[in-house]
Amino acid sequence: MANWNNGFFGCFNDFKLCIVTLFVPCYTQGKVAEAIGEDCLINGLLMLVPILNYLCLVSVRGKVREKKGIEGSLVMDALYSCCGCCSLVQEAQEVDVKFMSRE
């Protein structure tokens with residue numbers, strides 16, 4: 001099994017991603033979901049609904065982990081998702097979300 005490419009607190013490895021996630025987490029969540037084959041709009045909107053946002057974070061984190069063959073469990077996904085911004089940035093870096101690049 002593999003490990004995450006970036007550490008949990010590796011937020012500043014991509015400063016643009018960190019800032020966007022801090023101010024518009026629903027956008028980052030949607031892009032991560034889209035990268036793993038889920039619906040971008042629905043996942044983004046779920047981030048606006050209390051309790052459902054947490055469940056959405058845990059679910060998408062688990063799917064990213066499974067897709068990339070990363071060690072972990074539902075319990076660990078739930079614990080890491082308590083810090084939504086750090087978790088989202090780590091997931092976005094893992095699936096290589098590029099939404100602010102000029103390439």
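Here the structure is a predicted model, which means the values were calculated and not measured.
- In terms of heavy atoms, Ile36 sits closest to Val95 at CG2-CG1, 4.0 Å.
- Among residue pairs with one or both ends in residues 18-28, none qualify as salt bridge (charged side-chain N to carboxylate O under 4.0 Å, His left out); sequence neighbours excluded.
- A heavy-atom distance below 4.5 Å is not found between the side chains of Asn43 and Met47.
- Within the structure, the salt bridge (charged side-chain N to carboxylate O under 4.0 Å, His left out) test picks out the following pairs touching residues 37-59 (sequence neighbours left out): Glu38-Lys63.
- Glu34 meets the side chain to side chain contact (heavy atoms under 4.5 Å, CB included) test with Lys31, Cys40; sequence neighbours excluded.
- Not a single salt bridge (Lys or Arg N to Asp or Glu O under 4.0 Å) links Glu66 to another residue, sequence neighbours left out.
- Cluster partners of Leu41, using a side-chain heavy-atom cutoff of under 4.5 Å among ILVMFWY residues and allowing indirect links, are Leu45, Leu48.
- Applying the side chain to side chain donor-acceptor pair (under 3.5 Å) rule to Asn5 yields the partners Glu94; only residues at least two apart in sequence or on another chain are considered.
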Item to check | Stepwise side chain to side chain contact (heavy atoms under 4.5 Å, CB included) test for Asn3 and Ile70 | outcome: CA-CA 5 Å; Asn3 290 316; Ile70 298 171; 5.6 Å; no

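- Under the 4.5 Å side-chain heavy-atom criterion for ILVMFWY residues, no single connected hydrophobic cluster contains both Tyr27 and Leu46.
- Between the side chain of Ser87 and the backbone N or O of Cys83 there is no donor-acceptor pair closer than 3.5 Å.
- Residues passing the side chain to side chain donor-acceptor pair (under 3.5 Å) test with Asp77, sequence neighbours excluded: Arg65.
- Partners of Phe23 under the side chain to side chain contact (heavy atoms under 4.5 Å, CB included) rule, at least two apart in sequence or in another chain, are Ile19.
- In terms of heavy atoms, Val60 sits closest to Glu91 at CG1-OE1, 3.9 Å.
- Note that OG1 of Thr28 is 10.0 Å distant from CG of Leu22, once rounded to the nearest 0.5 Å.
- From Asn6, atom CG reaches atom CG of Asn13 across 5.0 Å, with rounding to the nearest 0.5 Å.
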When the side chains of residues 49-59 are checked against the rest of the protein, which donor-acceptor pairs come out under 3.5 Å, sequence neighbours left out?
unit_1, atom_1, unit_2, atom_2, d
Asn53, OD1, Ile51, N, 3.2
Tyr54, OH, Ala78, O, 2.5

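- Under a 4.5 Å side-chain heavy-atom cut-off, the cluster of Ile, Leu, Val, Met, Phe, Trp and Tyr residues that includes Phe8 is completed by Phe9, Val75, Met76, Leu79, Tyr80.
- Remark: Gln90 pairs with Arg61 by the side chain to side chain donor-acceptor pair (under 3.5 Å) rule, at least two apart or across chains.
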